[in-house]
Trainee: 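Structure in structure tokens, see below.
Just so we're on the same page: letters track the sequence lines, and every chain starts at 1. FYI, side chains are in, hydrogens and waters are out, and symmetry mates aren't considered; it's all heavy atoms of this structure.
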Amino acid sequence: MSYAYLFKYIIIGDTGVGKSCLLLQFTDKRFQPVHDLTIGVEFGARMINIDGKQIKLQIWDTAGQESFRSITRSYYRGAAGALLVYDITRRETFEHLASWLEDARQHANPAMTIMLIGNKADLAHRRAVTTEEGEQFAKENGLVFLETSAKTAVNVEEAFINTARAIHSKIQSGVFDVSNESYGIKVGYGAGGAAGAAPGTVRPGDAAPQQTSSCCS
Amino acid sequence: MPAVRHGHGLCECCAPTAAAESLGEVSFARSACAAALSGDYFRVKSLATRTPAVLNEDGCGGSSGYTPLIYAAREGHADVVALLLELGADPNASTTAGSSTALHRAAYMGHGAIVQLFLLQAAPQAAHSQHESLRRWARLKPQQPSSTLEMKGAQLRDGLLCQEQDSLPGGMSREGSTCDRRDAAAPSLVEAVKENWVGAPNRLASHPISELVANSGEEEAIPGDIEDEFEGVCAANASSDDFSDVGDDTGPADTEVVFVKEGVCVFPTPSRRQRIMGRLSLIKQYNCLFICWLPYAAGAVQQDVGSGSGSSDVPSDGGSSNGSAQGATLYAVHPIPLSDVRAIHKHTPPLGQHRITLTLATGVSLPSLYFQNGGVKAFLSCLRLHTPLLRSADDANTYLVNDTADPLQRSLCSLELADVLSGGPSGAAGSAFPACAAGSLAASQWQQGAADGDMGLRAQLSELVDRFQQLTQNARDTASSIFSASMLLGTGGLLPEPQPSMALRSAAAAAALAGGDGSGSSGSSNRSGPGAALERRRSSLEASTDLGVFELIEGGAAAVMGTAAYARPPPLSLAELNTFFDAEGRLTNLAAFKQRVHRGGVEPEARPEAWKLLLGLHAPGSTRAERQAEVERRRQAYQQLRSQWRGMSETQQARCSKWRERRTRIEKDVRRTDCSHRFFARERSQAHTMLRHVLLTYERYNQDLGYVQGMSDLASPCLFVMRSAVAEGGQLANREALGVEAEAFWCFAALMERMESNFSSDSRAMHAQLLALRSLVQLLDPPLFAHLEAHDCLSFFFCYRWLLIDFKREFAFDEVLRLWEALWAGVPGLNLFVVVAVLEHHRRRILSEVFEFDAMLKFCVELSGRLRLEPLLRDAEVLATYAGDAGRDIVATSVAALL
Ligand SMILES: Nc1nc2c(ncn2[C@@H]2O[C@H](COP(=O)(O)OP(=O)(O)OP(=O)(O)O)[C@@H](O)[C@H]2O)c(=O)[nH]1
Ligand SMILES: [Mg+2]
């Protein structure tokens with residue numbers, strides 16, 4: 001499978017907010033109400049298409065509990081995008097956003113694109129955080145904001161793809177030096193004249209370039 | 001049985017009168033020895049369990065030194081050997097007459113599987129002390145057992161055995177033997193062979209080469225000072241005078257000694273204080289070339305005074321001269337057809353002794369043969385005249401003798417390793433080490449990982465880093481434990497010797513690490529002068545360790561270990577478990593029980609009881625009745641603890657935010673635990689309720705810790721196993737459920753005693769373990785360590801989940817049960833060695849595909865569900881043996897750091 005770029009994403013937020021469910025919904029298009037809690041980190045990947053370019057998202061689904069924070073910090077390095085997730089039905093998960101943001105700012109590349117996600121939007125009747133509050137927080141901290149439901153899939157595609165789009169436009173406008181991997185971007189084969197294949201990316205001969213992805217849409 | 005065979009007069013049990021003798025036979029027939037001899041597993045077991053003393057008896061009240069273990073080993077009853085070792089039989093017990101241990105016996109008889117059993121099962125020291133014999137004899141099934149020479153070799157061994165068997169108590173003589181031993185001293189193998197052959201010319205079909213060898217070994221022995229110079233190479237057409245005894249049906253024309261080299265020696269111990277001098281020869285018979293090295297006569301073992309100044313204060317490695325003589329024979333390379341040799345590795349350093357190492361087709365390497373007076377080149381050119389030698393493309397010092405061998409085997413055994421040595425396809429290992437010393441780099445990583453601002457923890461961690469560095473350094477300073485461990489498995493020489501640059505690099509890395517402050521290069525330059533040569537040797541030892549491990553795991557695991565050799569006993573059944581108890585139900589031999597569990601695991605029906613014993617819920621000395629009472633007491637205690645939260649009023653709960661938060665967390669996580677397992681598959685099932693109760697109660701029981709994610713993963717197997725003790729299926733009545741919960745709770749609590757520190761808020765224990773792991777990898781596999789170091793992976797965070805919950809997420813549920821049993825029953829720190837084993841199993845891919853921390857983490861996370869438990873357990877154990885004292889120190893330090 002060829003791609004122009006590989007973006008590393010990291011999903012962060014309190015335990016139980018639905019990070020793993022969001023990932024599963026995005027990669028497998030299904031909602032599994034019960035699955036094991038995350039210890040350490042899990043991985044997912046999917047190919048998307050932005051402006052005709054194939055982009056591979058490599059997504060790190062981290063564990064939310066505080067006791068894993070010290071280990072989670074080591075995962076930020078080289079992430080191009082982050083989904084910062086809270087649960088709209090549990091206020092404390094919203095209140096912890098600041099400390100998550102601080103971690104991200106401290107350990108991630110400053111240019112990392114952060115998307116704020118209010119998840120479990122399907123549970124509107126149990127809402128404990130208003131949409132406005134979410135918007136407000138995002139605005140204050142320069143984040144993009146969306147309310148999603150991993151259960152109904154509302155806004156899940158958008159959450160991941162909009163983030164990718166933002167990263168992509170940063171590349172286009174030259175904010176990122178794509179040859180510097182600390183931005184969380186790797187150039188794949190087919191990027192057209194970009195730096196040679198980096199380790200972990202698709203190498204010449206693996207597949208014909210410009211093929212449409214079979215796993216995305 | 002005619003008394004003549006007992007004429008040695010040593011065996012007290014064999015009285016001269018026929019009556020007494022037959023009495024002896026009767027009692028012998030009832031003994032554990034007889035049961036072991038006939039391979040009667042259950043009889044041995046019941047006899048030895050009832051009366052452990054029989055483990056040390058020869059079956060007829062004598063002092064022959066024979067034990068059931070020796071009999072079982074000799075006869076090839078691997079299951080009985082395993083059983084006896086588990087029951088605590090002394091692996092070092094030896095016969096009075098021949099000082100033969102069970103391991104010797106198994107080796108003589110070619111029972112490779114049993115030899116391996118000793119390696120793995122016997123106390124490491126025991127295996128260690130006997131490893132020399134192992135090295136020589138650990139030839140598992142030869143590839144061409146039909147070769148006449150092999151058969152001959154077997155006969156020779158039998159011949160020797162027959163001689164010893166003659167001295168067996170209880171009239172267990174070998175039919176048709178006419179050996180007559182005249183003196184009590186154990187003869188060297190060569191003597192024995194000769195004596196045997198001379199004494200029984202009709203019984204053993206004579207064989208030119210055997211004769212030749214037997215005689216030459218004996219007659220050419222240079223008495224006295226054999227340290228002196230030798231004549232050097234005897235030319236390819238050795239005079240037949242040397243072999244004047246040769247005379248047989250085939251005629252000398254068919255047998256030609258094409259090469260002889262005197263003064264070729266073996267160093268039996270790592271310290272090199274001893275050497276065994278001997279003769280290397282190449283013999284051609286018909287069109288077959290044989291290679292052979294035999295020690296000179298007994299007494300050829302030299303205390304090498306030249307090698308060290310302080311030799312007097314060093315205890316002799318070989319023990320008594322008798323032992324040494326015997327040791328010498330163990331090294332004998334009886335004629336091996338070249339077709340059985342896979343590779344010859346030459347090592348000809350500009351300074352120091354030249355040597356060769358033979359690697360057999362079975363994957364076993366024989367001890368290096370040192371050419372005291374040079375001549376490696378002559379040897380190889382002579383060899384080349386008679387057999388095609390192919391220089392390995394990967395290593396100019398390795399000659400592949402049978403390059404037509406199965407290409408798959410070949411690629412497994414040599415090519416990959418060469419890749420690794422030369423830096424791999426990536427060239428990674430060839431890249432320069434980062435200027436930053438590993439120690440300080442790692443320390444800073446940990447500090448970054450540790451809770452920010454916690455200066456105390458930071459300080460402690462860097463102190464710990466220092467301590468581990470010290471340990472690793474110490475290990476390098478002695479290097480012997482590792483070195484002998486690698487010798488133990490006879491793997492060291494299979495692979496091309498590392499290029500000097502590699503060895504030096506690894507030494508430099510070690511020095512840099514020891515320096516820990518970026519002063520790596522100055523650290524190693526401190527070691528110039530007299531220490532430099534020593535350093536050089538050390539680094540080559542280290543390198544051979546790398547090779548050993550690598551070869552063990554990836555190259556020839558099957559060949560070296562022998563798949564059959566690792567005969568995993570069946571899981572411990574309930575019936576067998578009961579045999580470990582005495583009449584009152586006391587566990588008589590905890591060590592044997594653990595050993596048994598460790599090796600084979602436990603049947604599901606025996607698990608509840610076995611787990612309680614393993615976790616220490618039941619004292620091993622407790623009687624059945626006491627345990628029964630304990631269960632009741634525990635149930636009440638549990639009920640009381642549980643009522644602490646059950647009885648909490650709404651208002652009380654409302655005032656305790658910590659409790660509320662933890663309760664919510666537990667409730668959510670219980671549903672997210674082992675979701676796919678049938679036991680928990682139904683949501684809101686009784687299993688969930690019980691798991692919730694257990695965790696909530698534990699929160700009350702240990703409020704400082706409370707509840708941390710990962711704990712539900714540890715509690716669920718406890719619950720599952722304790723639930724299995726009660727009739728399967730359906731809902732449990734409340735009372736029964738309480739009982740199950742109580743037992744599960746106490747099991748979990750006991751498990752948490754072991755694991756609790758993993759969950760402490762400052763992650764101190766996790767950091768300590770990761771540091772220990774780092775040291776172990778550095779110790780056991782420097783190239784892998786260097787690779788991880790070069791790619792910023794020294795934090796070992798990629799092993800975090802493995803260690804946090806003891807691989808709970810990496811294996812299927814049932815495998816986890818088996819793994820945990822093995823860990824609880826095994827040596828401390830075995831979990832760390834399992835981690836190292838996982839890395840070793842995937843070493844090749846790590847070296848060739850992983851170039852950054854992210855990739856390493858992803859690689860490791862994705863191993864989940866793809867690991868093979870039994871090989872990992874086996875290799876973890878081998879690695880622990882390899883690591884020896886240094887490994888134990890590292891583990892102990894990490895454990896101490898938790899306190
Ligand atoms: N109704 C609803 N429930 C959701 C949604 N997303 C997740 N959940 C539920 O929330 C629970 C927790 O979700 P997870 O995805 O496991 O949470 P997480 O953030 O990965 O938690 P950690 O792995 O512990 O960090 C799941 O069991 C789901 O049933 C959602 O969009 N709607
Ligand atoms: Mg999760």
Trainee: Classify the side-chain pair B:R672/A:S20 by whether it contains a donor and acceptor separated by less than 3.5 Å.
Mentor: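 No - no donor-acceptor pair under 3.5 Å links their side chains.
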Trainee: Counting only heavy atoms closer than 4.5 Å, note whether A:Q32 contacts chain B via side chain, backbone, both or neither.
Mentor: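 Neither part.
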Trainee: Is B:K668 close to chain A through its backbone or its side chain, or both, or neither, when contacts mean heavy atoms under 4.5 Å?
Mentor: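 When you check distances to chain A, only side chain atoms of B:K668 fall under 4.5 Å.
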Trainee: Among B:L804, B:D674, B:V850, single out the residue with the greatest number of heavy-atom pairs under 4.5 Å to chain A.
Mentor: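 It is B:D674.
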Trainee: Would you mind checking which part of B:V861 comes under 4.5 Å of any heavy atom in chain A, side chain (CB onward), backbone (N, CA, C, O), both or neither?
Mentor: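 Side chain of B:V861 only, per the 4.5 Å heavy-atom cut-off to chain A.
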Trainee: Please work out which of the three classes, parallel, tilted or perpendicular, describes the rings of B:F807 and B:W802, given edges at 30° and 60°.
Mentor: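 Parallel: the ring planes of B:W802 and B:F807 meet at under 30°.
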Trainee: If you count heavy-atom pairs under 4.5 Å with chain A, which of B:L857, B:D669, B:I805 comes out on top?
Mentor: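 Heavy-atom pairs under 4.5 Å are most numerous for B:L857.
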Trainee: If you compare all heavy atoms of B:F679 against all heavy atoms of B:A687, which two are closest, and at what distance to 0.1 Å?
Mentor: O-CB, 3.4 Å
Trainee: Measuring centre to centre across the rings, with the benzene-like ring taken for any Trp, is A:Y5 within less than 6.0 Å of A:Y3?
Mentor: no
Trainee: Is it the side chain or the backbone of A:E92 that comes within 4.5 Å of chain B heavy atoms, both, or neither?
Mentor: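 Neither part.
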Trainee: Chain A: which of B:Q709, B:E661, B:E862, B:R801 shares the most heavy-atom pairs with it under 4.5 Å?
Mentor: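 Counting heavy-atom pairs under 4.5 Å, the top option is B:Q709.
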Trainee: Please classify the contact of A:T72 with chain B as side chain, backbone, both or neither, using a heavy-atom distance under 4.5 Å.
Mentor: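 Contact with chain B involves no heavy atom of A:T72 at all.
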Trainee: Of all the heavy-atom pairs spanning A:N119 and A:S149, show the shortest one and how long it is.
Mentor: OD1-CA, 3.6 Å
Trainee: Please step through salt bridge (charged side-chain N to carboxylate O under 4.0 Å, His left out) for the pair A:K19 and A:E42, ending with a clear verdict.
Mentor: CA-CA 11 Å; A:K19 297 181 295 296; A:E42 302 279 357; over 6 Å; no
Trainee: Write down the atom of B:F813, the atom of B:P717, and the distance for their closest heavy-atom approach.
Mentor: CZ-CA, 3.8 Å
Trainee: Under 4.5 Å from any heavy atom of chain A, what part of B:S864 do you find: side chain, backbone, both or neither?
Mentor: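 For B:S864, no heavy atom lies under 4.5 Å from chain A.
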